Each structure stands twice: as C-alpha cells, then as structure tokens.
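Below: one structure, written as structure tokens.
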Amino acid sequence: MGTFTYLKTLIKDRNVASITPSSSFTVKKATRNIDFSRDIVIVEYGPGTGVFSEYLLKKMTAGSRLIMIELNKEFCDILHGIEDERVSVYNESAENIHEILENEGLAEVDYFLSGIPFSFLPEMVKDTILSRSASLLNPEGYFLAYQTSKHLKKPLKRHFKHVKTEFELRNLPPMCIYEANGKKQQV
Ligand SMILES: C[S@@+](CC[C@H](N)C(=O)[O-])C[C@H]1O[C@@H](n2cnc3c(N)ncnc32)[C@H](O)[C@@H]1O
C-alpha cells in the first residue's frame with residue numbers, strides 16, 4: 001500500500017499528514033531498540049496502512065501483541081485485512097489508550113511507536129496522549145516516535161527522563177526519530 005493510497009486519503013483527511021509511507025530505513029531505525037527476543041506488547045499510534053506493522057510482525061515472538069490505534073477509517077479497513085491473531089486494530093484516537101488497553105486485558109505496554117502528527121494537535125491533547133502513554137509504559141520500556149521535525153523533544157521531556165533524537169535522511173521528507181524512556185514523576 002503506497003503513495004497513491006496516502007495521497008487519496010490525505011485529500012480527505014489532513015490528520016494523515018503524509019504523502020507517502022515511511023521508508024524502510026525509518027522503520028528499522030525507529031524500532032532498533034525493541035527487544036524482539038521476548039514476549040512484548042507494542043502499541044502503535046497512527047499505523048496508517050501498516051508499513052511498520054508488517055516489519056514488526058515478522059520480528060515479534062508468537063506470544064507478543066501488537067495493538068494498532070488508527071484514527072482514519074479507510075486505513076483501518078486496510079489494517080483489518082491483516083490476518084494475525086497477535087494483532088488488534090482500533091479505529092479510535094490515541095487519547096483513548098486507557099480504555100483500549102483495559103479492553104485488551106493488558107495492564108502495561110513495553111513499547112509505544114507513534115507516527116501521529118503531534119504538531120497538528122492542540123497542546124492539551126498532545127500532553128494528554130504523552131502523559132497517558134508514560135503512565136502505562138513498563139519501566140524498562142520505550143516511547144518511540146517519528147516526526148518531520150524536532151518539535152516533540154520538549155513535550156517528551158515533560159514526561160520522560162531521557163529523550164534521544166536522530167534524523168533519518170533516507171525518508172521523504174527526512175524524519176526525526178525519538179527514543180524516550182524513564183517515566184518522570186509528575187508533581
Ligand atoms: C504521518 S502518518 C504515519 C503513517 C505510517 N505509520 C507511516 O509511517 O507511514 C500519521 C498517521 O496517524 C494517524 N493519526 C492522526 N491522528 C491520530 C490520533 N489522534 N490517533 C490515532 N491515529 C492518528 C493518521 O490517520 C495517519 O495514519
């Protein structure tokens with residue numbers, strides 16, 4: 001599922017925020033910290049047509065889970081075509097992560113992987129998604145994100161002790177990859 005699907009969907013839905021799926025270089029760099037040798041729970045925010053999902057499912061153990069939360073209905077229809085019992089797809093906003101995890105019978109997440117366009121979101125919604133995600137993250141886990149600029153560093157630092165960024169130039173447009181871990185205590 002490629003550029004044509006993205007362009008068609010972007011015309012109707014600005015939240016799609018991209019003209020083409022992430023490159024394989026972005027997919028590999030953004031997921032390089034994931035320990036695929038054990039059973040893990042990954043929550044993917046904004047999977048689009050599933051470019052990361054395909055890669056993740058090849059690497060994940062049989063006992064792992066991939067929960068995909070995608071706002072766009074047309075993309076969800078495509079994701080529903082993935083035949084894999086480790087996968088759940090929700091046509092919802094990332095803000096509803098608590099209810100979704102409860103529905104899955106899961107208490108915490110090992111890795112969040114997020115491609116949602118945070119720069120489009122009102123400050124409060126951005127903060128809600130980050131704080132809810134931080135509260136559900138396993139202490140050894142990571143919040144991983146990819147965005148077209150470094151704008152997410154400051155908001156991430158409000159919720160995580162460590163935030164690393166690195167650009168992947170082999171992407172259209174170049175992508176900033178974030179690795180955040182260590183939940184901060186909120187006062
Ligand atoms: C830039 S695209 C990334 C798609 C894909 N992961 C990739 O790497 O090519 C952003 C995706 O986030 C979805 N999205 C935007 N806001 C969202 C939200 N609040 N909750 C869940 N998904 C959202 C969009 O519909 C779109 O599929």
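All ligand and atom numbering here is 1-based and tracks the order in the structure. Both backbone and side-chain heavy atoms feed into the values below; hydrogens, waters and symmetry mates do not. In this text the structure is predicted, and so the values were computed from the model without any measurement.
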Angle class for the His151/Tyr178 ring planes (parallel below 30°, perpendicular above 60°, tilted otherwise)? perpendicular
Would you say Lys150 and Phe167 make side-chain contact, with heavy atoms under 4.5 Å? yes
Do Arg158 and Asp127 touch side chain to side chain, with heavy atoms closer than 4.5 Å? yes
Enumerate the atoms of ligand 1 whose separation from the nearest heavy atom of [X] is less than 4.0 angstrom.
{"X": "Pro21", "answer": "9 (O)"}
{"X": "Tyr146", "answer": "5 (C), 6 (N), 8 (O)"}
{"X": "Ile69", "answer": "21 (C), 22 (N)"}

Would you indicate which of [options] comes nearest to [atom] when only heavy atoms are counted?
{"atom": "atom 12 (O) of ligand 1", "options": "Gly46, Pro47, Gly48", "result": "Gly46"}
{"atom": "atom 14 (N) of ligand 1", "options": "Thr26, Leu79, Ile116, Asn72", "result": "Ile116"}
{"atom": "atom 13 (C) of ligand 1", "options": "Lys73, Glu70, Glu92", "result": "Glu70"}

So, for Tyr45 and Phe112, is the gap between ring centers shorter than 6.0 Å? yes
Residue pair [X] / [Y], side-chain donor-acceptor N/O under 3.5 Å:
{"X": "Ser88", "Y": "Arg65", "result": "yes"}
{"X": "Asn138", "Y": "Tyr111", "result": "no"}
{"X": "Glu44", "Y": "Ser53", "result": "yes"}

Taking both backbone and side-chain atoms of [X], is any N or O found less than 3.5 Å from an N or O belonging to ligand 1?
{"X": "Thr20", "value": "no"}
{"X": "Glu44", "value": "no"}
{"X": "Tyr45", "value": "no"}

At a non-hydrogen distance cut-off of under 4.0 Å, which region of [X] contacts ligand 1 (side chain, backbone, both, or neither)?
{"X": "Phe120", "answer": "neither"}
{"X": "Pro117", "answer": "side chain"}
{"X": "Glu95", "answer": "neither"}
{"X": "Val51", "answer": "side chain"}
{"X": "Phe75", "answer": "side chain"}

Would you call Glu168 and Arg170 a salt bridge, taking side-chain N to carboxylate O under 4.0 Å as the test? yes
Using a 6.0 Å cut-off, check whether atom CD of Glu104 has over 12 heavy atoms from anything other than its own residue. yes
Is there a heavy atom of Phe52 sitting under 4.0 angstrom from any atom of ligand 1? yes
Identify whether Val51 and Tyr146 are in the same connected component of the hydrophobic contact network (ILVMFWY, side-chain heavy atoms under 4.5 Å). yes
